[in-house]
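Because the structure is predicted, anything quoted here is derived from the model rather than measured. The basis for the numbers below is simple: all heavy atoms, side chains too, and nothing from hydrogens, waters or symmetry mates.
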Amino acid sequence: MARFYPLFSSSKGNSSYIGNENSGILIDAGVSCKRLVGALENNGISPEAVQAVFITHTHSDHIAGLKILTKKYSIPVYAQTVNLEILASSDKVAADAAMYSVDNRDIEVGGFCVSSFETPHDAPASCGYRIVCPDGKVIVTCTDLGEITPEVDRKLTGADMVLLESNYDEKMLRNGSYPYTLKQRIASSHGHLSNSDCSRQLKKLIEGGTCRFVLGHLSQENNTAFIAESSAVDFLNEFRRNSDYLLDIASPDGCGMAVAF
């Protein structure tokens, strides 16, 4: 049975593993290879179990460890064509790494079926992933987006588990120390999802039958785990937590443990 391991999830580094101790896939490699391998091994997973790494976009907090990871373990890389070109031309991946486009097709890797969907973010290209596991259960990972587009909504709908961005608290961002232009970028339709945006989507997903959620990519400057969690729980007060839905917060620092779904 596959499990979800939110190994790292923050504005400083992101990577998740989906699978078990024998086989699985990574979504992003945004911390050093050493830290990433250490987080996997803390969960009883050898790096040799990783069958592929799927990249969402080329911001450093999603690819920082990719070059050494692919060089040391010869793990194939999957991403949108635009991002594959950026990775290769900017020396962010091993020179001999196998690289494959995810554009407009389903990818079969190690018993997992992976499809991508575009997300609105301030990067040349950005995507989320919908993964059908070997047992038929569906998990969707969706961070780094300024708004829930109709396509994103369709890809989230019907999943057994969703990792969804809950990046910032509006009040903290508004009153924080970031320059005004950066605040505008974060809150824009190509920035990040606020706690409120996330909560509204969770409600819609619960109504559609999804009941397992992990909140991810929390800003370390404009959010806290307590505020993000409280925002979601308060907004979902018509539902019973741990009965109608289950909610976790992704680890920012490599201490993430398995989440069953």
Student: When you measure from the side chain of His121 to the backbone N and O of Gly191, does any donor-acceptor pair fall under 3.5 Å?
Tutor: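 Such a contact is found between His121 side chain and Gly191 backbone.
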Student: Please list all pairs passing the salt bridge (charged side-chain N to carboxylate O under 4.0 Å, His left out) test where one or both residues lie in residues 206-219, with sequence neighbours left out.
Tutor: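 Qualifying pairs: Lys203-Glu207, Arg212-Asp248.
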Student: Answer with yes or no whether the hydrophobic clustering places Leu69 together with Val109; edges join I, L, V, M, F, W, Y residues whose side-chain heavy atoms lie under 4.5 Å apart.
Tutor: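 In one cluster with Leu69: Val109, no.
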Student: Run the salt bridge (Lys or Arg N to Asp or Glu O under 4.0 Å) test against Arg105 and tell me which residues pass, sequence neighbours left out.
Tutor: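 Result, salt bridge (Lys or Arg N to Asp or Glu O under 4.0 Å) vs Arg105: none returned.
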Student: Heavy atoms only: give me the nearest Val140-Ala159 pair and the separation to one decimal.
Tutor: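 Closest pair (atom of Val140, atom of Ala159, distance): CG2-CB, 3.7 Å.
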Student: Where do Tyr245 and Leu202 land on the side chain to side chain contact (heavy atoms under 4.5 Å, CB included) test, with the steps shown first?
Tutor: CA-CA 10 Å; Tyr245 71 95; Leu202 295 184; over 6 Å; no
Student: How long is the gap from CG on Leu26 to CG on Asn14, to the nearest 0.5 Å?
Tutor: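 Going from CG on Leu26 over to CG on Asn14, the span is 12.5 Å.
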Student: Using a 6.0 Å cut-off, check whether atom CG of Asn22 has over 12 heavy atoms from anything other than its own residue.
Tutor: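 It does: Asn22 CG has more than 12 such atoms within range.
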Student: Return yes when atom CD of Glu118 has more than 12 non-hydrogen atoms of other residues, nucleotides or ligands closer than 6.0 Å, and no otherwise.
Tutor: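 12 or below, so no.
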Student: Using a 3.5 Å distance criterion without hydrogens, assess whether the side chain of Asn83 forms a donor-acceptor pair with backbone atoms of Ala125.
Tutor: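 Indeed, once roles are kept as given, a pair shorter than 3.5 Å links the two residues.
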Student: Can you list every pair that meets salt bridge (charged side-chain N to carboxylate O under 4.0 Å, His left out) and has a residue in residues 215-233, with sequence neighbours left out?
Tutor: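 Every pair satisfying salt bridge (charged side-chain N to carboxylate O under 4.0 Å, His left out) with a residue in residues 215-233: Glu229-Arg241.
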Student: Got a second to check how far Asn237's CG is from Phe235's CZ, nearest 0.5 Å?
Tutor: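 Answer for the CG-CZ pair, Asn237 versus Phe235, is 9.0 Å.
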Student: Drop me the distance from Ile131's CD1 to Ser16's OG, to the nearest 0.5 angstrom.
Tutor: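 Rounded to the nearest 0.5 Å, the CD1-OG separation comes to 9.0 Å.
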Student: Looking only at non-hydrogen atoms, find the nearest pair between Ala2 and Phe261 and report the distance.
Tutor: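 Here Ala2 and Phe261 meet closest at O-CE2, 3.9 Å.
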Student: Hydrophobic clustering (ILVMFWY, side-chain heavy atoms < 4.5 Å, transitive) - are Val50 and Tyr100 grouped together?
Tutor: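 No; tracing contacts between hydrophobic side chains, which count when under 4.5 Å, never links both residues.
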Student: Side chains of Phe239 and Cys211, heavy atoms from C-beta outward: is any pair under 4.5 Å?
Tutor: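 They are not in contact (no side-chain heavy atoms under 4.5 Å apart), so the answer is no.
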Student: What pair of heavy atoms forms the shortest contact from Lys183 to Gly176, and how long is it?
Tutor: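 For Lys183 and Gly176, the tightest heavy-atom pair comes out as NZ-O, 2.9 Å.
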Student: Would Leu247 end up clustered with Leu164 when hydrophobic side chains under 4.5 Å apart are linked, directly or stepwise?
Tutor: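 Yes, one cluster joins them.
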Student: Hey, quick one: are Ile148 and Val162 part of the same hydrophobic cluster, counting side-chain heavy atoms closer than 4.5 Å, chains of contacts allowed?
Tutor: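 Yes, it is one cluster - the side chains of Ile148 and Val162 are joined through contacts under 4.5 Å.
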Student: Is Tyr129 reaching over with its side chain to a backbone N or O of Ile55, donor-acceptor style, under 3.5 angstrom?
Tutor: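 Pair found, side chain donor or acceptor close to backbone of Ile55.
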Student: How long is the straight-line distance from CG of Asn222 back to CG of Asp169, given to the nearest 0.5 Å?
Tutor: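 So the gap between those two atoms works out to 8.5 Å.
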Student: State the CG-CD distance between Asp153 and Gln201, to the nearest 0.5 angstrom.
Tutor: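 Spacing of CG (Asp153) from CD (Gln201) equals 5.0 Å.
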Student: Verify the cluster assignment for Ile249 and Ile139: are they in a single hydrophobic cluster under the rule of side-chain heavy atoms below 4.5 Å apart?
Tutor: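 No, no single cluster joins them.
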Student: On a heavy-atom basis, which atom in Pro124 and which in Thr58 lie closest, and how many Å separate them?
Tutor: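 Minimum heavy-atom separation between Pro124 and Thr58: CD-OG1, 4.5 Å.
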Student: Between Ser116 and Gln80, does the side-chain hydrogen bond (donor to acceptor under 3.5 Å, both in side chains) criterion hold? Intermediate values first, please.
Tutor: CA-CA 8 Å; Ser116 65; Gln80 294 157 293; 5.8 Å; no
Student: Which residues satisfy the salt bridge (Lys or Arg N to Asp or Glu O under 4.0 Å) test with Arg185, sequence neighbours excluded?
Tutor: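 Checked Arg185 against salt bridge (Lys or Arg N to Asp or Glu O under 4.0 Å); matches are Asp122.
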Student: Tell me whether Glu147 contacts the main-chain N or O of Leu145 through its side chain, where contact means a donor paired with an acceptor under 3.5 Å.
Tutor: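 Judged by distance alone, no pair lies under 3.5 Å.
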Student: Using 0.5 Å steps for rounding, measure from the CG atom of Leu156 to the CD atom of Glu151.
Tutor: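 Here the interatomic distance stands at 10.5 Å.
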Student: How would you list all residue pairs meeting salt bridge (charged side-chain N to carboxylate O under 4.0 Å, His left out) that involve residues 54-74, not counting sequence neighbours?
Tutor: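 Salt bridge (charged side-chain N to carboxylate O under 4.0 Å, His left out) check on residues 54-74 returns Lys67-Asp91.
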Student: Could you list the residues that satisfy ring-ring contact (aromatic ring centres under 6.0 Å, His included) with Tyr5, not counting sequence neighbours?
Tutor: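 Expected list: Tyr17.
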Student: Is it true that the side chains of Ser126 and Thr119 contain a donor and an acceptor less than 3.5 Å apart?
Tutor: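 Indeed, the side chains of Ser126 and Thr119 share at least one donor-acceptor pair under 3.5 Å.
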Student: Determine the minimum heavy-atom distance between Ile18 and Cys133, stating which atoms define it.
Tutor: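 The pair with the smallest heavy-atom distance is CG2-SG, 4.2 Å.
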Student: Which heavy atom in Gly110 sits nearest to a heavy atom in Pro134, and how many Å separate them?
Tutor: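 Result for this residue pair: O-CG, 4.3 Å.
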Student: With a 3.5 Å cut-off and no angle check, do the side chains of Ser166 and Asn195 form a donor-acceptor pair?
Tutor: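 Looking only at side-chain atoms, Asn195 and Ser166 do form a donor-acceptor pair, the distance falling under 3.5 Å.
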Student: Parallel, tilted or perpendicular: which describes the rings of His217 and His62, with under 30° parallel and over 60° perpendicular?
Tutor: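 Parallel.
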